[in-house]
Amino acid sequence: MAPSTSSAVTLNINGEKHTLSVDHRTTLLDALRERLDLTGTKKGCDQGQCGACTVLIDGRRAVSCLTLAVASEGREITTIEGVADGDRLHPVQQAFLDRDGFQCGYCTPGQICSALGALKEHAAGWPSAATADVRPEAGVPELTAEEIRERMSGNLCRCGAYVSIVQAVAEAARAGDGAAADEGAAVGEGAA
């Protein structure tokens with residue numbers, strides 16, 4: 001008898017549990033879009049290079065086109081649909097609107113999820129390739145435009161709204177996005 005090529009998985013997405021049978025090769029992106037009708041997460045390159053499909057898994061950024069649905073079982077998945085608090089936009093979403101951090105809008109869900117992850121990483125003191133002093137005693141680096149550009153570099157915008165995206169992320173950080181600061185410590189726990 002041939003081994004089964006599918007499994008039932010329970011995915012915890014935006015605080016709701018969804019149980020579905022998936023082929024073992026099904027990506028989280030395809031499960032979200034095709035099986036659960038959560039189409040806010042976009043399919044761009046389908047190769048992990050553009051960031052359009054970025055979601056948060058256990059508070060950390062992940063490209064869902066390279067993440068298998070079966071590997072996501074038991075983890076907390078946040079898509080763009082789960083970022084706002086009801087009708088109240090998350091401060092990062094509001095900053096993207098206020099700073100016009102989008103043009104066509106296709107990459108915006110991934111940009112926003114990536115910005116949330118980047119702000120948490122920054123608040124936890126994680127350095128980036130742009131961080132001048134990476135010693136732990138140097139503390140949290142200043143969130144400069146260069147830092148933001150580096151931290152957001154995995155997300156492409158074909159329209160070229162980068163200047164506004166950087167401004168939106170900076171504005172959200174200045175607004176004292178308490179969620180990013182509070183969750184930042186949790187993101188850093190257990191990280192290598």
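Keep in mind that this is a model prediction, so the values were computed, not measured.
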Interatomic spacing from [atom1] in [X] to [atom2] in [Y] - rounded to 0.5 Å:
{"X": "I112", "Y": "Q93", "atom1": "CD1", "atom2": "CD", "result": "5.0 Å"}
{"X": "E73", "Y": "N12", "atom1": "CD", "atom2": "CG", "result": "11.0 Å"}
{"X": "L66", "Y": "T27", "atom1": "CG", "atom2": "OG1", "result": "8.5 Å"}
{"X": "L156", "Y": "Y162", "atom1": "CG", "atom2": "OH", "result": "4.5 Å"}
{"X": "T79", "Y": "L32", "atom1": "OG1", "atom2": "CG", "result": "6.5 Å"}
{"X": "T5", "Y": "D23", "atom1": "OG1", "atom2": "CG", "result": "5.0 Å"}

Can you confirm whether the side chains of R61 and S114 place a donor and an acceptor under 3.5 Å from each other?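 There is such a pair (donor and acceptor under 3.5 Å, judged by atom type) between the side chains of R61 and S114.
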
Do T19 and T10 have a side chain donor and acceptor closer than 3.5 Å?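 Result is yes, a qualifying pair exists.
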
Give me the atom names and distance for the closest heavy-atom approach of [X] to [Y].
{"X": "S72", "Y": "T67", "value": "OG-CG2, 3.5 Å"}
{"X": "L38", "Y": "E81", "value": "C-OE2, 3.4 Å"}
{"X": "R151", "Y": "A118", "value": "CB-CB, 4.0 Å"}
{"X": "F96", "Y": "F102", "value": "O-CE2, 3.5 Å"}
{"X": "A31", "Y": "L11", "value": "CB-CD1, 4.5 Å"}
{"X": "S64", "Y": "C53", "value": "OG-O, 2.8 Å"}

Go through H122 and K120 one step at a time and tell me if the side chain to side chain contact (heavy atoms under 4.5 Å, CB included) criterion holds. CA-CA 5 Å; H122 176 262; K120 290 175 190 174; over 6 Å; no

Would you confirm whether [X], through its side chain, and [Y], through its main-chain N or O, come within 3.5 Å as a donor-acceptor pair?
{"X": "Y106", "Y": "C157", "result": "no"}
{"X": "S7", "Y": "V9", "result": "no"}
{"X": "R33", "Y": "T41", "result": "yes"}
{"X": "R25", "Y": "L68", "result": "no"}
{"X": "D133", "Y": "A138", "result": "no"}
{"X": "H24", "Y": "V70", "result": "no"}

Is [Y] reachable from [X] through a run of I, L, V, M, F, W or Y residues, each pair having side-chain heavy atoms under 4.5 Å apart?
{"X": "I148", "Y": "L116", "answer": "yes"}
{"X": "I13", "Y": "V83", "answer": "no"}
{"X": "L20", "Y": "L29", "answer": "no"}

Taking the side chain as C-beta and beyond, is there a heavy-atom pair between [X] and [Y] under 4.5 Å?
{"X": "M152", "Y": "I165", "answer": "yes"}
{"X": "D30", "Y": "K43", "answer": "yes"}
{"X": "V92", "Y": "V169", "answer": "no"}

Just to verify, which of E147, E150, E121, E146 counts as forming a side-chain hydrogen bond (donor to acceptor under 3.5 Å, both in side chains) with S128?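 That would be E147.
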
Side chain to side chain contact (heavy atoms under 4.5 Å, CB included) assessment of I77 paired with L28: CA-CA 10 Å; I77 301 161; L28 178 57; 3.9 Å; yes

For H90 and D85, what are the C-alpha separation, side-chain angles and deciding distance, and is it a side chain to side chain contact (heavy atoms under 4.5 Å, CB included)? CA-CA 7 Å; H90 187 282; D85 182 13; over 6 Å; no

Q94, CD: over 12 other non-hydrogen atoms inside 6.0 angstrom: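 Atom CD in Q94 is crowded, with more than 12 foreign heavy atoms closer than 6.0 Å.
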
